[in-house]
J.: 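One structure, pasted below without further comment.
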Amino acid sequence: MKKVITYGTFDLFHYGHLKILERAKSFGDYLIVAVSSDEFNDIKGKKCTYPFEHRAEIVKAIKFVDEVIREDAWEQKTEDIKKHKIDVFVMGNDWKGKFDFLKDFCRVEYLPRTPNISTTEIKENIQNLHRA
Ligand code: C2G
């Protein structure tokens, strides 16, 4: 069984999140998604709309996703890859090059982001609606 892993906050789950999970799954048979905890988002400087429990449950409900784990630290990726016997690590290409050190442990793939959608843009669009 070929195992794939990807990491993210997945707040205000949207089409771009769906497409990266779909594409990540296409690299193997089993997809693990490490969802950033609220505490880790504080470290990342990301303010989330939904708490970890909700974000994790939404990701787990996606048919391409086989397992959800917590992401609590930048440093856990190597350990996760070893522990879960991961074959492919996938991230959007906004992270291109940032995780190349993982090439010692598994295949590393950076995929193009889905254009014109992001949690930030969704929030801005809603704010603009209120202003209109
Ligand atoms: N993404 C995408 N297209 C978009 C928006 C996001 O492909 N339009 C991808 C990102 O590239 C990332 C994943 O969706 O691979 C999750 O995005 P975020 O929830 O913003 O995650 P991020 O804050 O980048 O956290 O340790 C890694 C971090 O946890 C990644």
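Order of listing sets the numbers, starting from 1, for every ligand and every atom in it. No hydrogens, no waters, no symmetry mates; every other heavy atom, side chains included, goes into these values.
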J.: Hey, does Trp74 sit under 4.0 Å from ligand 1 if you only count heavy atoms?
T.: yes
J.: Just one of Tyr7, Phe64, Phe10 clears the ring-ring contact (aromatic ring centres under 6.0 Å, His included) bar with His17, so which one?
T.: Phe10
J.: Judging by distance only, is a nitrogen or oxygen of Glu71 under 3.5 angstrom from one on ligand 1?
T.: yes
J.: Does any N or O atom in Lys46 lie less than 3.5 angstrom from one in ligand 1, N or O only?
T.: yes
J.: Considering both backbone and side-chain atoms of Trp95, is one of its nitrogen or oxygen atoms within less than 3.5 Å of a nitrogen or oxygen in ligand 1?
T.: yes
J.: Can you check whether Asp11 has an N/O within less than 3.5 Å of an N/O in ligand 1?
T.: no
J.: Is any NZ, NE, NH1 or NH2 atom of the basic residue among Arg107 and Glu109 found under 4.0 Å from an Asp or Glu carboxylate oxygen of the other?
T.: yes
J.: Angle between ring planes, Phe40 versus Trp74, binned at 30° and 60°: parallel, tilted or perpendicular?
T.: perpendicular
J.: May I ask whether Phe13 and Tyr50 are part of the same hydrophobic cluster, defined by side-chain heavy atoms of I, L, V, M, F, W, Y residues being less than 4.5 angstrom apart, directly or through others?
T.: yes
J.: Looking at Phe52 and Ser36, what are the two nearest heavy atoms and their distance?
T.: CD1-O, 3.5 Å
J.: For atom 5 (C) of ligand 1, what is the closest protein heavy atom, and at what distance to 0.1 Å?
T.: Arg113 NH2, 3.3 Å
J.: Heavy atom under 4.0 Å from ligand 1: found in Ile117's side chain, backbone, both, or neither?
T.: both
J.: Which of the atoms of ligand 1 are close to Lys44, meaning less than 4.0 Å from one of its heavy atoms?
T.: 22 (P), 23 (O), 25 (O), 28 (C), 29 (O), 30 (C)
J.: Under 4.0 Å from ligand 1, counting heavy atoms only, is it the side chain of Lys19, its backbone, both or neither?
T.: neither
J.: Do any nitrogen or oxygen atoms of Pro112 lie less than 3.5 angstrom from nitrogen or oxygen atoms of ligand 1?
T.: no
J.: Would you kindly specify which portion of Thr9 sits under 4.0 Å from ligand 1, judged on non-hydrogen atoms: side chain, backbone, both or neither?
T.: both
J.: Evaluate His14 for polar contact with ligand 1, using N/O atom pairs at a separation under 3.5 Å.
T.: no
J.: Counting from 1, what ligand 1 atoms have a heavy atom of Ile20 closer than 4.0 Å?
T.: 7 (O), 14 (O)
J.: Evaluate Asn93 for polar contact with ligand 1, using N/O atom pairs at a separation under 3.5 Å.
T.: no
J.: Going by the order shown, which atoms of ligand 1 are within less than 4.0 Å of some heavy atom of Lys77?
T.: 26 (O), 27 (C)
J.: Which atoms of ligand 1 sit under 4.0 Å from any heavy atom of Ser36?
T.: 29 (O)
J.: May I ask you to list the atoms of ligand 1 that are less than 4.0 angstrom from any heavy atom of Asp94?
T.: 10 (C), 11 (O)
J.: Salt-bridged, Asp66 to Lys3, with N to O below 4.0 Å?
T.: no
J.: Which ligand 1 atoms does Gly92 reach within 4.0 Å, using its non-hydrogen atoms?
T.: 11 (O), 15 (O)
